[in-house]
Amino acid sequence: MAAQQSQGIQTLLEAEKEAAKIVQQARQYRIQRLKDARAEASKEIEEYKRSKEQEFKAFEASHAGTTSTTQAALDKETETKLQEIDAVFEKKKHVVINNLLSRAILVEPELHRNLKKPAAA
């Protein structure tokens with residue numbers, strides 16, 4: 001009976017070793033799968049990033065021309081308005097100068113309101 005118990009214990013020890021090997025293999029398999037998943041996710045992220053950068057560059061290129069066109073139109077409009085202002089200035093400057101000169105030359109002297117009149121003696 002001792003031999004049978006010894007053999008049973010030996011069988012249990014072998015089964016335990018086999019179970020430890022299976023657990024170790026499962027851990028290694030899980031670690032490997034995690035590494036593979038991270039690598040695959042990293043590749044997908046890089047591909048997605050590249051595609052979005054390309055989309056952005058295409059969008060930027062398509063709208064860059066619009067910006068320069070808009071800037072040119074604004075510059076032209078500004079120049080037109082400046083010419084209009086200069087034309088009005090040239091047209092009306094003589095009238096304004098004459099009004100200013102007439103006001104500066106036209107002086108009507110009068111006594112200040114705070115000046116007291118001398119009392120009649």
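Computed from a predicted structure; not experimentally measured. The residues of the chain are indexed from 1 along the displayed sequence.
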**Student:** Which atom pairs, one a donor and one an acceptor, fall under 3.5 Å between side chains of residues 102-112 and the rest of the protein, sequence neighbours left out?
**Tutor:**
unit_1, atom_1, unit_2, atom_2, d
Ser102, OG, Asn98, O, 3.3
Ser102, OG, Asn99, O, 2.9
His112, ND1, Asn114, N, 3.1

**Student:** Under a single-linkage rule joining Ile, Leu, Val, Met, Phe, Trp and Tyr whose side-chain heavy atoms are separated by less than 4.5 Å, which residues share a cluster with Leu13?
**Tutor:** Ile9
**Student:** Show me the donor-acceptor pairs, under 3.5 Å and distance only, between side chains in residues 81-93 and residues at least two apart or in other chains.
**Tutor:**
unit_1, atom_1, unit_2, atom_2, d
Glu90, OE1, Lys93, NZ, 3.3

**Student:** Just list the side-chain donor-acceptor pairs under 3.5 Å for residues 39-56, sequence neighbours left out, or say none.
**Tutor:**
unit_1, atom_1, unit_2, atom_2, d
Ser51, OG, Tyr48, O, 2.8
Lys52, NZ, Glu55, OE1, 3.4

**Student:** List the atom pairs, donor and acceptor, that lie under 3.5 Å between side-chain atoms in residues 19-38 and the rest of the protein, sequence neighbours left out.
**Tutor:**
unit_1, atom_1, unit_2, atom_2, d
Gln32, NE2, Asp36, OD1, 3.1

**Student:** side-chain contact (heavy atoms from CB on, under 4.5 Å) with Leu100: which residues, sequence neighbours excluded?
**Tutor:**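 With sequence neighbours excluded, Leu100 shows a side-chain contact (heavy atoms from CB on, under 4.5 Å) to Val96, given in chain and number order.
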